[in-house]
Amino acid sequence: MIIPLKDEMDLEATLDGGQSFRWSSKDLEWWSGYIENNPIKIRSVLEKEQMNIEVDLNYVDIPIEMDSVTKYLNIDFDVGKMNKRLMEYREFRPYLKTMPKFRLLKQDPWETLISFMLSAQSNIPKIKKNIQSLSYESNNIVTAYGNVFYKFPTAERIYDVGEKKLRDLGMGFRSKNVYTVAGVVMRGEIDLYSLDGMDYSNAREILMELPGVGPKIADCVLAFSLDHQTAFPVDRWVARGINSMYPQTVDFTLDKLSQWGRDKFGSSASYAQQIFFHTQRWGL
DNA sequence: TCCCAGGGGAGTT
DNA sequence: AACTCCCATGGG
């Protein structure tokens, strides 16, 4: 299956740049992961000047909806227009020039919420390990061509697994909050799927009522799954990037930096945040 | 205001 | 090899 792109898309920067934790690649060409919780393998190819996303149809024997891939990868997002907009920030230009072209993903908000709750006071390899352990407990596997795939667990399943088991799996002090939030979602006390249509600050407040969800984690969920592009998640890496480029911000708290980013970049904030994160974490 | 809660990465000794 | 610090959140 071939899906045409209007502009190039660097899959490493998009899928393994801190937005998502279940993608991997052995050759940095083909990427294996999940879209709508179904295993999938994709690459980006340039063919006769035309850029495409190619889906490996021999990876699993599950029918793949082109629309779900298009949506997840935010294929219709106009990267050229965004880069042009950000070029107006003079100090940003060197970063933009070297930053590979990426997309803000539209992931499943449930999986994104739990993933970023697990990111608190952690690091990317450990988050990936936690999510893998969690998926092994999902009781929801797919087998295809001799391979076994573990889907991300539902709220009901995480609630059934229980806090103690989560602790045994290595989630540490996050276990209690993950368990509690699974209960809240299971009972329908929050509707994560309605947050994309809500205005940014309301949606953020609702997420922050959940235990274990502070401003940074709420912003990650809003930016990387719910298409709230004004969200500006600030962790240590992003803070360092901003502080070095804008010395007047060195004394700002993380949440104040988040406000600063929204004021400065407006609807380009999430995109700009990815550039700060990427350049700070992996260099120019 | 400081200290703590898993555990893994990264840098230093 | 053995240390030390780091890390977003919330509680004491």
Side-chain angles (χ1 to χ4, degrees), chain A residues 12 16-24 107 109-137 153 158 161-185 189-190 192 195 200-201 203-226 228 231-244 249-262 269-270 272-274 276-284:
Chain A
E12 186 179 13
D16 205 18
Q19 295 190 67
S20 189
F21 304 98
R22 284 213 295 163
W23 289 93
S24 64
Q107 304 179 77
W110 161 246
E111 176 178 335
T112 309
L113 173 62
I114 295 300
S115 298
F116 280 97
M117 286 182 68
L118 292 171
S119 80
Q121 182 76 3
S122 193
N123 54 67
I124 291 175
K126 182 162 185 265
I127 301 163
K128 287 182 175 177
K129 208 178 151 218
N130 283 164
I131 293 171
Q132 196 176 36
S133 311
L134 199 52
S135 300
Y136 287 157
E137 297 297 320
I158 292 181
V161 164
E163 182 185 337
K164 184 183 177 301
K165 179 74 180 175
L166 295 174
R167 210 168 273 278
D168 293 344
L169 291 173
M171 323 272 159
F173 61 90
R174 305 160 199 84
S175 305
K176 185 175 189 188
N177 293 331
V178 168
Y179 169 73
T180 304
V181 167
V184 169
V185 171
E189 293 165 16
I190 183 173
L192 297 171
L195 298 177
Y200 164 75
S201 40
R204 191 179 197 241
E205 273 175 32
I206 288 171
L207 284 171
M208 284 177 65
E209 283 171 18
L210 299 169
V213 180
K216 189 268 177 184
I217 291 174
D219 277 336
C220 285
V221 176
L222 293 169
F224 307 144
S225 74
L226 292 165
H228 276 279
F232 194 74
V234 180
D235 62 5
R236 285 287 147 194
W237 295 97
V238 172
R240 273 183 214 125
I242 298 169
N243 290 161
S244 66
T249 64
V250 286
D251 295 326
F252 290 12
T253 61
L254 296 189
D255 199 29
K256 191 170 175 192
L257 282 170
S258 179
Q259 180 68 54
W260 173 91
R262 290 194 297 279
S270 309
Q273 184 272 0
Q274 275 293 287
F276 279 115
F277 183 79
H278 204 278
T279 52
Q280 191 62 33
R281 191 136 194 338
W282 292 288
L284 279 173

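Letters go in sequence order (proteins before strands), and every chain restarts at 1.
- No contact: A:R281 has no heavy atom under 4.0 Å from any strand.
- Within the 4.5 Å cutoff, side-chain heavy atoms of A:M117 are placed close to those of A:V181.
- Counting to the nearest Å, the P atom of B:dG8 and the CZ atom of A:F21 are 16 Å from each other.
- Between A:G212 and A:Q121, the residue whose closest nucleotide on DNA chain C is further toward the 5' end is A:Q121.
- Remark: A:K256 is positioned above the aromatic ring of A:F252, its terminal NZ or CZ atom under 6.0 angstrom from the ring centre and at most 45 degrees off the axis.
- A:D255 has its CG atom 11 Å from the P atom of C:dG10, to the nearest Å.
- Among the protein residues, A:R167 comes within range of the sugar-phosphate backbone only, with heavy atoms under 4.0 Å from sugar or phosphate atoms but none that close to a base.
- As judged by a 4.0 angstrom heavy-atom cut-off over every strand, A:K126 is placed among the base-contacting residues.
- Checking side-chain atoms of A:S270 against main-chain N and O of A:A231 turns up a donor-acceptor pair under 3.5 Å.
- Annotation: of the two residues near DNA chain B, A:N123 and A:F173, the 5′-most nearest-nucleotide partner is A:F173.
- Between A:R262 and A:S258, the side chains place a donor N or O and an acceptor N or O closer than 3.5 Å (distance only, hydrogens not considered).
- Spacing between B:dA5 and C:dA2 at atom C1', rounded to whole Å, works out to 23 Å.
- Residue A:D235 is in sugar-phosphate contact alone, with no base atom involved, counting any heavy-atom pair closer than 4.0 Å across all strands shown.
- The C1' atoms of B:dG6 and C:dA1 are separated by 22 Å, rounded to the nearest whole Å.
- A straight line from CD of A:E163 to P of B:dG6 spans 11 Å, rounded to a whole angstrom.
- Going from atom CG of A:L210 over to atom P of C:dA8 covers 19 Å, rounded to whole Å.
- Remark: B:dC2 base-pairs with C:dG12; criterion is Watson-Crick or G-U wobble with both hydrogen-bond distances under 3.5 Å.
- The distance between atom CD of A:Q132 and atom P of B:dG7, rounded to the nearest whole Å, is 17 Å.
- Taking atom OH of A:Y179 as the reference point, atom C1' of B:dA5 lies 20 Å away to the nearest angstrom.
- Across all strands shown, B:dA10 pairs with C:dT4; the Watson-Crick or G-U wobble distances both stay below 3.5 Å.
- Considering only heavy atoms from C-beta on, A:L207 stays 4.5 Å or farther from A:F116 through its side chain.
- Per the geometry, CD1 belonging to A:I127 stands 18 Å off P belonging to C:dC6, to the nearest Å.
- Considering only side-chain atoms of A:P125, the nucleotide from C:dC6, B:dG8, C:dA8 that sits closest is B:dG8.
- Partner A:R22 forms a side chain to side chain contact (heavy atoms under 4.5 Å, CB included) with one of A:Q107, A:Q132, A:E111, A:K128 and no other, that one being A:E111.
- The nucleotide whose nearest atom lies closest to any side-chain atom of A:R240 is, among C:dC6, C:dT9, C:dA8, C:dC6.
- Between A:R174 atom CZ and C:dG11 atom C1' there is a gap of 15 Å when expressed in whole angstrom units.
- Using a 4.0 Å cut-off, some side-chain N or O of A:R236 falls inside it from OP1 or OP2 of C:dC7.
- Atom P of B:dG8 sits at a distance of 23 Å from the matching atom of C:dG10, rounded to the whole Å.
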